[in-house]
Every structure is written in structure tokens, then in C-alpha cells.
Visitor: 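Here it is, the structure, as C-alpha cells.
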Amino acid sequence: MEKFDTIIIGAGPAGLAAAYNLKSNNQKVAVVENNLWGGTCPNRGCDPKKVLLSGVEARDRMVQLQGKGFDEVPYVNWKELESFKEKFTDPVSKNSRDGIVKGEITAIDGQPKFVSDNEIVVNGQDHYQADKFIIATGQRPSYLNIEGKEHLLSSTDFLSLKKMPKDITIIGAGYIAFELATIANATGAKVHIIHHNDHPLKEFDQEYAMELVKQLENKGVDFNFNVDTKEIEQQSNGQYLLRGTDFELTTDLVIGATGRIANTDFLDLEKADVKYSRHGIQVNDKLQSTNSKIYAIGDVVDTKQPKLTPVGGFEASYVSDVILGKTTQAIVYPLIPTVVYGSPKLAKVGVQTGVKVINQDVTSWFTYSHTNENKAKIRIVLNEKSEIIGATVLSNEADSFINLLTLAIKQKMTHQDIEKEIFAYPTAASDLEYLI
């Protein structure tokens with residue numbers, strides 16, 4: 001039986017980052033992966049989604065400038081864009097595993113289970129021991145428990161479609177639903193979003209969330225709020241009939257985007273005295289589980305932090321330092337901006353209430369009007385010292401602008417501080433002095 005200083009379960013961005021950190025400090029490290037090396041983000045999540053969105057962004061610019069330099073605007077060619085995406089995703093798993101091996105880290109393929117607090121068995125036969133474990137197994141899509149749930153596809157299935165259907169329905173109204181709807185709409189598909197209440201994107205200011213709804217409706221996306229989907233029935237012609245209370249809809253494909261569940265149920269965590277729920281592994285402020293030898297990082301952790309790749313990387317760095325004895329302090333998270341890659345994009349950072357809130361429609365400002373954006377809005381939150389403490393942005397530039405606002409909040413910048421800076425002009429950044 002081989003023994004390691006640390007065994008990491010899960011070879012996603014967080015797990016791999018921890019492995020390299022520990023190995024660079026002379027630890028004997030192993031990584032166990034039962035699926036695709038590299039994890040969700042580069043294989044079937046944020047990276048491939050971003051490639052597909054590149055086509056959306058290009059088309060959006062042409063639509064905005066139709067009659068102002070462009071005549072006909074084509075729909076996104078799904079087959080060609082999907083093929084382009086595969087150039088990024090196909091090499092990920094092999095390259096990730098090869099990188100581990102090249103770095104002299106032991107790569108173990110298979111399904112791990114705990115047999116005690118310091119030992120796992122992989123594929124029911126190979127046993128490994130370690131002084132410490134890091135669980136970084138991520139999440140997977142969860143599905144509605146309704147009749148016909150076997151017909152539901154996931155976001156992973158969507159990103160791998162070989163052909164975009166003419167009519168597609170997405171159940172849910174969170175980040176994933178909006179992003180998939182944006183992509184499918186740009187291919188010319190008719191898109192329906194069904195949500196059980198009337199609060200889409202509940203983490204965001206509802207004025208801004210509903211403005212994004214309006215902009216997508218203007219592009220042809222059909223929103224159905226306050227609908228509880230009860231049943232999905234496949235018809236003889238291959239289509240699907242969705243039923244809810246006083247609601248029916250026929251469609252070609254149904255995507256479930258009603259949340260994700262932590263990958264904990266296959267690890268036999270009870271044998272290692274690790275407590276968990278469907279929300280993830282319970283941890284303390286040092287990311288230790290109920291067993292102090294076993295840590296958890298990334299999407300599998302039951303915390304209120306956003307489940308984002310950079311958060312997992314941050315946690316990997318922190319846990320590595322804890323294991324190596326470089327820190328005994330509790331983890332302290334920096335500001336974490338989040339983005340919905342819709343059309344337009346919606347982003348937020350920091351707190352959303354304060355002493356003063358500046359809510360500005362900037363659609364007519366040159367930064368946005370020169371590309372003829374349909375709608376651009378910015379919401380800045382200030383404290384009693386007139387320091388920026390939060391923001392929400394709706395625009396094509398929201399993803400980059402929110403990073404600037406994140407730094408401004410970190411630096412506790414006021415209007416006077418902003419006025420002392422010189423930004424490239426004309427840009428969203430150079431507008432900031434007129435916003436606060």
C-alpha cells in the first residue's frame with residue numbers, strides 16, 4: 001500500500017492547483033480523478049461556454065450596428081462554432097493528466113472511497129493512505145423530481161449538442177439558464193425559459209435582473225414565470241410536452257437548469273467521520289471538515305461563497321499554506337465579482353445597500369451609444385464616507401468594468417480619488433468620475 005503526504009480527490013482547477021502547490025514544497029502528492037482531468041470549467045463549463053459566447057458577442061455588435069454599417073446579420077452557425085469550441089476542450093483532459101505526471105505527482109484514475117480517516121480504496125481494489133486529504137470533487141447538475149425527468153438534459157449536454165434544435169426550453173432562471181438561452185437565441189432557435197416564481201437571478205438587484213429579461217425578450221426569448229413544471233412527456237413525433245398548473249408547452253428539447261448538487265455521495269465520507277449535506281461538505285474557517293485531517297475546497301464546500309473557478313483556486317492556495325504550516329489564520333475571502341454572460345451582460349460586486357445609491361441609465365453616453373447598445377445601466381453604492389462599497393452593471397462591457405469597480409472598492413476609493421486618476425478615453429473606466 002502506497003502512502004502519501006497528501007491525496008487530492010478531484011482533478012479540477014482547485015484540486016490541480018493544490019497539487020502543484022504542495023509538490024513544489026516537496027510533498028509526496030497524489031491526485032485521484034474518476035472522470036475528466038481538468039474538471040468542469042475547462043471541459044464542460046465556463047471555458048467552452050465562453051467560446052460559444054464569442055459568437056453571440058460578435059453577432060450582437062452586428063445587430064446593434066444594423067443599418068449603421070451592416071446590412072444583413074446572420075445567425076450563429078452552431079455546427080461551426082461547436083467545432084471551434086472542441087479545439088479548446090478536446091485536449092484538456094489529456095493535457096491536465098500529462099501535466100500532473102510531468103510534475104512528478106502521482107495520477108490515479110478511478111472511483112475513490114474512504115475506508116477510514118486516512119485511507120481510500122480506488123475502484124474497489126487499490127488502497128492508498130495519506131496524512132492529509134483534500135476533497136475537490138465539485139458539483140453536478142441536479143434535476144427536478146418530476147414525471148418524465150429522464151427527458152431532462154443538462155448544461156453539459158447543451159454544450160455538446162451536435163445540432164441546435166429549432167425550439168428549446170430551459171427550466172430555471174439562474175446564471176446557467178440565462179447564458180444558455182443567450183447562446184441558443186443567437187443561433188436562431190426559439191427559446192423558452194420556465195421558472196417557478198417571478199424572481200429570476202435572485203442574487204441580483206431585481207430591477208437589473210428584470211431589465212435583462214426585457215432585453216432578452218426583445219431578442220425573442222420567451223419567459224414563463226410562476227410556472228411549476230409537473231411533467232415532461234415525449235410525443236410520438238419526438239417533441240416534448242411540458243405540463244404545469246394551467247400551463248402546457250411543446251418543444252424540441254428540454255434543459256434542466258435548476259441548480260447543482262455537491263459530488264459527495266460516492267465517497268463513503270461517513271467512514272472518515274466527514275459530515276456533509278446536498279449543499280456540500282461542512283467545513284470550519286480553515287476549510288477543515290469535521291475530520292481535521294480532511295479539507296474541502298471549491299464547489300464541493302458548503303459555504304455561502306460563489307461557486308466560481310477563481311474561488312476554488314483561492315481556496316487551494318490557502319489550504320496548501322495551512323497544510324504546509326505557512327499559516328494558522330482563518331481564511332479571509334477578498335471581494336468576489338460575479339457575471340451573468342447574457343446579452344447584455346449583468347455583473348455585481350460588493351454590498352448592494354448603503355447610505356447612498358446612484359442608479360444611472362447610461363445608454364445615451366458615448367461609451368455605449370457609439371456601438372448603439374440597446375440598454376446600459378450602472379448602480380453604484382456608497383457608504384457614509386462616500387467610498388464605493390458595491391456595484392451592479394448591465395452592459396456589453398459589464399464583465400471588464402466590474403473588475404475595475406472591484407479594485408476601486410478594495411482601495412476604498414471616493415469620487416475625489418477617482419478624479420485624481422487618468423483612464424484611457426473614451427472607455428467605461430473614464431466614465432466612472434461622472435457616476436459617483
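Because the structure is predicted, anything quoted here is derived from the model rather than measured.
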Visitor: Do D265 and N263 get their side chains close enough for a donor-acceptor pair, meaning under 3.5 Å?
Guide: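 N263 and D265 do not have a side-chain donor-acceptor pair below 3.5 Å.
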Visitor: Will you find, in the side chains of Y208 and N359, an N or O donor that is under 3.5 Å from an N or O acceptor?
Guide: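 Short answer, yes.
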Visitor: Apply side chain to side chain contact (heavy atoms under 4.5 Å, CB included) to I194 and I170, showing your working.
Guide: CA-CA 6 Å; I194 298 175; I170 303 169; over 6 Å; no
Visitor: What do the steps show when you test T338 against V349 for side chain to side chain contact (heavy atoms under 4.5 Å, CB included), and what is the final call?
Guide: CA-CA 7 Å; T338 59; V349 68; over 6 Å; no
Visitor: Before giving the answer on side chain to side chain donor-acceptor pair (under 3.5 Å), spell out for D417 and T414 the whole-Å C-alpha distance, their side-chain angles and the decisive distance to 0.1 Å.
Guide: CA-CA 5 Å; D417 296 324; T414 64; 3.2 Å; yes
Visitor: Using side chain to side chain contact (heavy atoms under 4.5 Å, CB included) as the criterion, point out the one residue from I120, T137, I8 that pairs with V32.
Guide: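 The residue from I120, T137, I8 that satisfies side chain to side chain contact (heavy atoms under 4.5 Å, CB included) with V32 turns out to be I120.
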Visitor: Return each pair, listed once, that meets ring-ring contact (aromatic ring centres under 6.0 Å, His included) where at least one residue sits in residues 161-180; pairs must be two or more places apart or across chains.
Guide: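 Output for this query lists Y175-F204, F178-F223.
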Visitor: Would you say the side chain of P165 lies within less than 4.5 Å of the side chain of D167, judging by non-hydrogen atoms?
Guide: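 No, every pair of side-chain atoms sits at 4.5 Å or beyond.
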Visitor: According to side chain to side chain contact (heavy atoms under 4.5 Å, CB included), who are the partners of F314, at least two apart in sequence or on a separate chain?
Guide: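 Counting only residues at least two positions away or on another chain, F314 forms a side chain to side chain contact (heavy atoms under 4.5 Å, CB included) with I331, Y333, P334.
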Visitor: Is it the case that the side chains of S289 and N291 hold a donor-acceptor pair, with the cut-off being a distance below 3.5 Å and no angle test?
Guide: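 Side-chain D/A pair, N291 to S289: absent.
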Visitor: Please check if the number of heavy atoms outside F225 that lie under 6.0 Å from its CZ is greater than 12.
Guide: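 Yes, CZ of F225 has more than 12 neighbouring heavy atoms, counting only those of other groups under 6.0 Å.
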Visitor: Please check this pair: side chain of E231 against backbone of T229, looking for a donor-acceptor N/O pair closer than 3.5 Å.
Guide: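 Not at all, since once roles are kept as given, no pair shorter than 3.5 Å links the two residues.
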Visitor: If you take all heavy atoms of P141 and S154, which pair is closest and at what distance?
Guide: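 Between these two residues, the closest heavy atoms are CG-CB, 3.7 Å.
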Visitor: Return yes if a side-chain donor-acceptor contact under 3.5 Å exists between T182 and N185, otherwise no.
Guide: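 Side-chain D/A pair, T182 to N185: absent.
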Visitor: Is it true that R44 and E86 have a side-chain N and a carboxylate O under 4.0 angstrom from each other?
Guide: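 Here R44 does not pair with E86 in a salt bridge, since their nearest N and O are not under 4.0 Å apart.
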Visitor: Show me the pairs that pass side-chain hydrogen bond (donor to acceptor under 3.5 Å, both in side chains) and involve residues 48-57, at least two apart or across chains.
Guide: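 Of all non-adjacent pairs touching residues 48-57, those that pass side-chain hydrogen bond (donor to acceptor under 3.5 Å, both in side chains) are K49-E179, E57-K345.
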Visitor: Between H196 and D228, do the side chains contain a donor N or O and an acceptor N or O under 3.5 Å apart?
Guide: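 Side chains of D228 and H196: no pair found under 3.5 Å.
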Visitor: Which residues satisfy the side chain to side chain contact (heavy atoms under 4.5 Å, CB included) test with K149, sequence neighbours excluded?
Guide: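 K149 satisfies side chain to side chain contact (heavy atoms under 4.5 Å, CB included) with N145, I146, L152 only.
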Visitor: How far apart are the C-alpha atoms of Q111 and N34, what are their side-chain angles, what is the distance that settles it, and do they pass the side chain to side chain donor-acceptor pair (under 3.5 Å) test?
Guide: CA-CA 5 Å; Q111 176 62 63; N34 71 343; 2.9 Å; yes
Visitor: Please step through side chain to side chain donor-acceptor pair (under 3.5 Å) for the pair S400 and N403, ending with a clear verdict.
Guide: CA-CA 5 Å; S400 56; N403 286 327; over 6 Å; no
Visitor: Kindly write out the residues that satisfy ring pair (Phe, Tyr, Trp, His ring centres under 6.0 Å) with F84, not counting sequence neighbours, or none if the list is empty.
Guide: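 Checked F84 against ring pair (Phe, Tyr, Trp, His ring centres under 6.0 Å); matches are F88.
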Visitor: The criterion is ring pair (Phe, Tyr, Trp, His ring centres under 6.0 Å); which residues satisfy it with Y128, sequence neighbours excluded?
Guide: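 By the ring pair (Phe, Tyr, Trp, His ring centres under 6.0 Å) rule, Y128 matches no residue at all.
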Visitor: Can you check salt bridge (Lys or Arg N to Asp or Glu O under 4.0 Å) on K79 and E82, steps first, answer last?
Guide: CA-CA 5 Å; K79 184 177 181 180; E82 176 70 14; over 6 Å; no
Visitor: Can you list every pair that meets salt bridge (Lys or Arg N to Asp or Glu O under 4.0 Å) and has a residue in residues 277-304, with sequence neighbours left out?
Guide: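 Sorted pair list: D117-K293.
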Visitor: Which of these, F266, F133, Y276, sits in a ring pair (Phe, Tyr, Trp, His ring centres under 6.0 Å) with F114?
Guide: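 Output: one option passes, namely F133.
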Visitor: Taking all non-hydrogen atoms of both residues into account, name the closest pair between S430 and T427 and its distance.
Guide: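 That would be OG-O, 2.8 Å.
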Visitor: Using side-chain hydrogen bond (donor to acceptor under 3.5 Å, both in side chains) as the criterion, list what pairs up with T169, not counting sequence neighbours.
Guide: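 T251.
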Visitor: Kindly indicate, with the supporting measurements, whether the criterion salt bridge (Lys or Arg N to Asp or Glu O under 4.0 Å) is fulfilled by E207 and R379.
Guide: CA-CA 10 Å; E207 175 189 339; R379 186 175 186 273; 5.7 Å; no
Visitor: With distance as the sole test, does Q64 use its side chain to make a donor-acceptor pair with the main-chain N or O of T371 at under 3.5 Å?
Guide: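 Yes, the answer is positive, given that a donor and an acceptor are paired below the 3.5 Å cut-off.
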Visitor: Under 3.5 Å, is there a donor on one side chain and an acceptor on the other for D109 and W37?
Guide: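 Side chains of D109 and W37: pair found under 3.5 Å.
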Visitor: Carefully, step by step, assess I134 and I297 under the rule side chain to side chain contact (heavy atoms under 4.5 Å, CB included).
Guide: CA-CA 7 Å; I134 299 175; I297 59 176; 3.7 Å; yes
Visitor: Search all heavy atoms of G55 against all heavy atoms of V76 and return the closest pair with its distance.
Guide: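 Residues G55 and V76, closest heavy atoms: O-CG2, 3.6 Å.
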Visitor: With no hydrogens and no angle check, do the side chains of D60 and S343 hold a donor and an acceptor under 3.5 Å apart?
Guide: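 Yes, side-chain donor-acceptor contact under 3.5 Å.
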Visitor: The criterion is ring pair (Phe, Tyr, Trp, His ring centres under 6.0 Å); which residues satisfy it with H151, sequence neighbours excluded?
Guide: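 If we apply the ring pair (Phe, Tyr, Trp, His ring centres under 6.0 Å) test to H151, skipping adjacent residues, the hits are Y240.
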Visitor: With salt bridge (Lys or Arg N to Asp or Glu O under 4.0 Å) as the test, would you mind laying out the steps for E119 and K113 before giving the verdict?
Guide: CA-CA 9 Å; E119 185 178 335; K113 293 180 181 292; over 6 Å; no
Visitor: With salt bridge (Lys or Arg N to Asp or Glu O under 4.0 Å) as the test, would you mind laying out the steps for K190 and D252 before giving the verdict?
Guide: CA-CA 10 Å; K190 177 61 182 177; D252 296 327; over 6 Å; no
Visitor: Would the distance check show the side chain of N43 and the main-chain N or O of T40 forming a donor-acceptor pair, the cut-off being under 3.5 Å?
Guide: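 Not confirmed, N43 side chain does not pair with T40 backbone.
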Visitor: Identify all side-chain donor-acceptor contacts of residues 17-27 below 3.5 Å with residues at least two apart in sequence or on another chain.
Guide:
residue : atom : partner : partner atom : Å
Y20     : OH   : G99     : O            : 3.1
Y20     : OH   : I100    : N            : 3.3
N21     : ND2  : A17     : O            : 3.3
K23     : NZ   : E104    : O            : 3.4
S24     : OG   : Y20     : O            : 3.3
S24     : OG   : N21     : O            : 2.7
N25     : OD1  : K326    : NZ           : 3.1
N25     : ND2  : N21     : O            : 2.9
Q27     : OE1  : T6      : OG1          : 2.7

Visitor: Please step through side chain to side chain donor-acceptor pair (under 3.5 Å) for the pair T392 and D205, ending with a clear verdict.
Guide: CA-CA 8 Å; T392 301; D205 178 270; over 6 Å; no
Visitor: For D321, enumerate each residue passing the side-chain hydrogen bond (donor to acceptor under 3.5 Å, both in side chains) test, keeping only those at least two apart in sequence or located in another chain.
Guide: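 None.
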Visitor: If you look only at pairs with a residue in residues 11-49, which of them pass as a disulfide (SG to SG under 2.5 Å), with sequence neighbours excluded?
Guide: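 Matches after skipping sequence neighbours: C41-C46.
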Visitor: Can you see which heavy atom on G38 is nearest to which on P13, and at what distance?
Guide: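 For G38 and P13, the tightest heavy-atom pair comes out as O-CD, 3.2 Å.
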Visitor: Going through the checks in order, is the side chain to side chain contact (heavy atoms under 4.5 Å, CB included) test met by V300 and T264?
Guide: CA-CA 7 Å; V300 76; T264 55; 3.6 Å; yes
Visitor: Could you tell me which non-hydrogen atom of P344 sits nearest to which non-hydrogen atom of Q215, and how far apart they are?
Guide: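 Scanning both residues completely, I find the closest heavy atoms to be CD-CB, 3.7 Å.
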